[in-house]
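For reference, the structure discussed in these notes is given below.
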Amino acid sequence: MRMKDMTHPFADTPVAPLSVNLLGILDRQHTALWVFDIDRCRVRWANATALQVWQAASVEALCARDMGQDMSEGVAQRLRQYQSDFISHDAVFQEQWTLYPNGLPVQLSVCFSGYRLPDGRMGMLCEGRPAHQATLESLRSVEALLHTPVMIALYDEASGAPLYRNPASRTAARSHTEHLFEHFVDSKACSRLLEGLDCGEPGMLSALVATSVGERWHEISARRCLDAATGQPAILVSEVDVSRVKESEARARFLAEHDPLTGLANRTQLMRQFAAMMTAADGANTAQIALVLIDLDHFKDVNDSFGHVAGDRILVEVAARLQRSIRPRDVLARLGGDEFLILCARDNLQAELARIHRNIRSVMSQPMVLDGNEIRMTATLGVSLHPDDGMDFETLFRNADLAMYAAKDSGRDALMFYQPHMRQALQERTRLETELRWALERHEFVPYYQPRVDVATGRVVGAEALVRWVHPTRGLLPPVEFIGVCEAMRFINALDQQMFEAVARQQAQWAAAGLDLQVSINLSGAELEDPQLLPELAGALARTGCDPSRLQVEITESMLLGGDARVLQTMQGIRDLGMTIALDDFGTGYSNLAYLQRFPIQILKIDRTFIQGLDKDLPVTELIVNLCHLMKLEVVAEGVETRDQLEWITRHGVAQYQGFLFSKALPADQFAALVKQASGG
Ligand code: C2E
Ligand code: MG
Ligand code: MG
């Protein structure tokens, strides 16, 4: 080792004889002096008193100690803060410190100041004197002050300039010299705090303050005192960060009044806003209030086909679009599911509601994209008006609901105002529901059969079973009168399964009597989701002895939407039971030919609107027929009513047809008679 390395770490620069003497003098000082390298957490030089304090044998031994090893993160952070304060404004700190040289505490009163290390980085000169006269109590309180997360600062009362900050306050402050009033985001909060002090009481408030990490909520308490150093009036301020509490309070308040999915108002807030509108309307006796209940059309299909996560995405998008359709002072709420409600108060409500409806239709007409599929949603609206249709929220809501149902019945995508006769319609609906329950138990549903004719030979090759309700007082009712209600009541499955068994039994009877007919039966969408479906069908086949290859299940396109794995599985199960599957009403839905490849479908039934609109839809109908040929699907034309239509399908190679031209749906015995007669039997 070379000589100069043995002296001290500052030996990298030549030291003049006088300097050596100076170092000797420093060594004889009773003040412990050491230079600390904050970045490296090491002592770089120490005088003899400091070596005693640190209980080190030599400067080299002390310098070799890694002080970072048992330094808490809090102390390390505080030292980094000092370092930047030394750089920015030559700061000097006087603090009580407890050192633990050999695990035993040594109390020192230390003065810290900035010291440039030879390589230019900012280090720290520490001057430590024994903390004499300090009682244990005061030593501990000093420790507490240094380590507490509570931000404590003393300000000069006259100027608001800071006199002292504990480390927590120093870390939080944007600058060491920041005045009390500069600390507050809103200076009025500072004035409020100080006004409280004028009455001699300690002040306390929660306020938004500017800190080194941005704006935060602090709970602040302040009291007047005298500066111990100068005796001048001062203000002692202590602060606790309560931002997290504030945030969770705000979140809880928000959740109590908003729908968590869309962020719209929920029922609680809606009621509050309604009460406020009522009070305002009382003052201005011209204003009317409208409750506009909105229900999405066929939203259940989206949920069933794409799953609930996708359904939620659609709801969020719909919420945003509805919000764009109203004015800022109107209230939009989500009541749950796909039900929304708008509240608006105006002098001229009719015009405003027409405008809102136009807006809603226009924003909803833009397709929404879900997993690469374009979805178009429509909405049905029911409106009730205060004071005409009710004086309280409950009545108005019930009446808007009735109007909404009437609008759904009229074909959806519409707006209807409440009318008193709607209440009667509701009563009828309730009666219908009760009657339907009875009908199922008393087997009042019977299959009628519409012949399916081979185009080439003109012979009846099969039939479609169509349900009829033999109503005890109203006579024979077609499906349009009750299928929708059955679906809404969720007993379409029971009805379809009852029908399936009756049709299978009929087919087996005909087969036994020498009538070989392929009979198709309609299944509703809910069915394909029902895990009981396949066992039920298998049971019915076994009980009736029907040959499954002579049965065909008709499903509609909307049931395939989204390509749900469960639906595919059920369809495969139907195929495994030995039946074929026909896609009904093709062309009225999404007409997505990709489905035809993905699903096990053998027959395609072109909807009657295409056959009956042949003059205008010709190219589309032709395209569908040609594609079916290409994909080797059998085509059945539905609703053939005229000779011209029959001629057209004959020319285009359609295999089979149904329609009033040949026959409408008939009871089983009449159907059998017709078949026998047509085949010359
Ligand atoms: P769909 O399956 O498309 O049945 C064809 C409908 O068109 C039948 O109406 C039939 O009577 C009618 N139709 C047949 N030929 C012609 C024609 O030449 N011109 C006109 N204008 N119409 C014709 P229906 O019996 O009223 O049935 C209506 C719908 O109710 C059916 O449409 C089917 O979706 C549903 N449905 C019928 N029976 C059942 C059933 O047992 N279960 C389920 N879930 N749905 C059924
Ligand atoms: Mg059908
Ligand atoms: Mg059809």
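For reference, positions follow the sequence shown, starting with 1. Side-chain atoms are counted along with the backbone in the values below, which use heavy atoms only and exclude waters and symmetry mates. All of these numbers come straight from a predicted model, not from anything done at the bench. Atoms within each ligand, like the ligands themselves, are counted from 1 in listed order.
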Under 4.0 Å from a heavy atom of [X]: which atoms of ligand 1 are those, numbered in the order shown and with their elements?
X	value
E638	3 (O)
G659	15 (N), 18 (O)
Q612	19 (N)
M499	41 (O)
D585	3 (O)
Q450	14 (C), 15 (N)

Does any N or O of ligand 1 fall below 3.5 Å from an N or O anywhere on [X], backbone included?
X	value
E641	yes
F660	yes
V467	yes

Of all the N, O or S atoms in E464, which has the shortest distance to the Mg ion (ligand 2)?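 For E464, the N/O/S atom sitting closest to the Mg ion (ligand 2) is OE2.
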Please give the atom name: the N, O or S atom of E554 nearest to the Mg ion (ligand 2).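 Result: OE1.
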[atom]: nearest protein contact (heavy atom, Å):
atom	value
atom 10 (C) of ligand 1	L466 CD1, 3.7 Å
atom 35 (C) of ligand 1	P479 CB, 4.3 Å
atom 34 (O) of ligand 1	N522 OD1, 4.4 Å

Does Y449 reach the side chain of Q506, with side-chain heavy atoms less than 4.5 Å apart? yes
So, is the end of the R267 side chain (NZ or CZ) under 6.0 Å from the ring centre of F397 and within 45° of the ring's axis?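 Yes, cation above the ring, under 6.0 Å and within 45°.
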Could any protein non-hydrogen atom be found less than 4.0 Å from atom 7 (O) of ligand 1? yes
Looking at atom 32 (O) of ligand 1, is any protein heavy atom nearer than 4.0 Å to it? no
Considering only N, O or S atoms, which atom of [X] is nearest to the Mg ion (ligand 3)?
X	value
E638	OE2
D585	OD1
D584	OD1

Would you kindly say whether D644 and T642 are connected by a side-chain donor-acceptor distance under 3.5 Å? no
For the residue pair T380 / D297, report whether a side-chain donor-acceptor contact shorter than 3.5 Å exists.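 Yes, T380 and D297 have a side-chain donor paired with an acceptor closer than 3.5 Å.
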Got a sec: is S520 within less than 2.8 Å of the Mg ion (ligand 2) via an N/O/S atom?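 No - counting backbone and side chain alike, S520 has no N, O or S atom under 2.8 Å.
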Side-chain (Q612) to main-chain (G639) donor-acceptor, under 3.5 angstrom: yes
List the atom of V636, the atom of Q658, and the distance in Å for their closest heavy-atom pair. CG1-OE1, 4.2 Å
